[in-house]
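In what follows, residues are counted from 1 in the order of the sequence shown. Only a predicted model underlies this, so the values are computations on that prediction, with no experimental measurement involved.
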Amino acid sequence: MKSLIHATLAIVVTCGVLWFAASKLEASGAAGGEGVLTVYNWGEYIDPALIDQFEEETGITVIYETFDSNEAMLTKIKQGGSAYDIAVPSEYAIETMIEEDLLIEIDHSKIPNLKNIDPYFLDLPFDPKNRYSIPYFWGTVGIVYNPNDIPEHITFDSWDDLWDPALKNKVFLVDGAREVIGMGLNSLGYSLNSRDDNELREAVEKLKGLNGNVKAIIGDEITPLMINNEATVSLTFSGQAADMMWENEELDFAVPSEGSNLWFDNMVIPKTAQNVEGAHLFINFMLDAEVAAQNTDYVGYSIPNKAAWELLDEEVINDERFYPPEEMRGNLEVYENLGLELLGTYNEYFLEFKMSLN
């Protein structure tokens, strides 16, 4: 009988503890609130020390979650099951979120550090007057490669170099429809935002000619492979390339002359937010010059914060591979919001290309 009583008491106590923990989690985490800020960002896209600093300065606990594509982020926020206070989508996703009424308008009076942003990165077509988004990082899509492992005539001044027979089984591609289909379009002289099915069809057929050169289509795994010289060539993002080059000085990065993508990631406040005041505090914190400089040192991507540039190594800021001057940006395109139907077409063509590979 005593054993039964003890067992019953143990169950009751355990249930009580679990209920209390769940209540605390709901009050201060999953459900959000004034004392909690839930941030939804790309992986490896903030210095963890800055999260600690923000918590210490504000007393707000940060819950940090990550996504690996704009599409995944959009789907989760549209479902509305998670109360995100901050998200960091790319420009075409921001345009979609504005159209679908998923964002809260930002109160610029609560973001005094907005003055630190270079005007070039403000008032862009995807969010006029930055009513809904504040610049975070920007960059390009290009090719990272090891010059020691390829013939001298391959410099990636042109996308066509990827098709060179000397690169058999040496090319890695990022697993993204817009990036890969866009590369194919650019290599033919077309816009990476093409809405012409004949152009898309031509791009896919050309991409199929990479069969034999493409070793794999992967994501973040390419970083350690390139650093350890286990891979030779990869389509990738400029910031990811910078991380690789920091660890492996043999590597180089190029943006082909036919053009490529110029992308912008901005901070937004979804309508799911339960700590709007804390979200404004976080955005303003991330725009502080010293915070922004520390963050870009950690992340490796290009930063739009002009005040932070003075705190960064001049060699970094003057490197045109990662901070192309304004005149060079004229040959780059921002991804446009293609709409669900056309985006589905891009995804279908990308799948067709992947299925064609050995």
Checklist line | Spatial distance of atom CE (Met245) from atom CD1 (Ile227) [nearest 0.5 Å] | finding: 12.0 Å
Any carboxylate oxygen within less than 4.0 angstrom of a Lys/Arg side-chain nitrogen, looking at [X] and [Y]?
| X | Y | answer |
| --- | --- | --- |
| Lys271 | Asp101 | yes |
| Glu336 | Arg195 | yes |
| Lys354 | Asp175 | yes |
| Lys129 | Glu105 | no |

For residues [X] and [Y], establish whether the separation of their ring centroids is below 6.0 Å.
| X | Y | value |
| --- | --- | --- |
| Tyr301 | Trp263 | yes |
| Tyr92 | Phe126 | no |
| Tyr45 | Tyr136 | yes |
| Phe156 | Phe253 | no |

Checklist line | Side-chain donor/acceptor of Thr296 to backbone N/O of Ala292, under 3.5 Å | finding: no
Check: Do any N or O atoms from the side chain of Asn261 and from the backbone of Glu333 form a donor-acceptor pair under 3.5 angstrom?
Finding: yes
Decide yes or no for [X] and [Y]: does some side-chain heavy atom of the first lie under 4.5 Å from some side-chain heavy atom of the second?
| X | Y | result |
| --- | --- | --- |
| Leu207 | Met183 | yes |
| Leu122 | Leu114 | yes |
| Val174 | Phe237 | yes |
| Ser260 | Leu332 | yes |
| Tyr323 | Trp309 | yes |
| Ile222 | Gln240 | yes |
| Met97 | Ile77 | yes |

Taking atom types as modelled and ignoring hydrogens, do the side chains of [X] and [Y] form a donor-acceptor contact shorter than 3.5 angstrom?
| X | Y | value |
| --- | --- | --- |
| Glu65 | Thr38 | no |
| Asn186 | Glu258 | no |
| Tyr64 | Asn41 | yes |
| Asn213 | Asn169 | no |
| Asn130 | His108 | no |
| Asn337 | Thr96 | yes |
| Asn193 | Arg178 | yes |
| Gln53 | Glu57 | yes |
| Ser194 | Asp196 | no |
| Tyr349 | Asp197 | yes |
| Lys170 | Tyr145 | no |

Item checked: Check against side chain to side chain donor-acceptor pair (under 3.5 Å), Asn266 and Asp127 -> CA-CA 10 Å; Asn266 284 20; Asp127 182 18; 5.4 Å; no
Check: So is Lys206 actually on top of Trp163's ring, under 6.0 Å and inside 45° of the axis?
Finding: yes
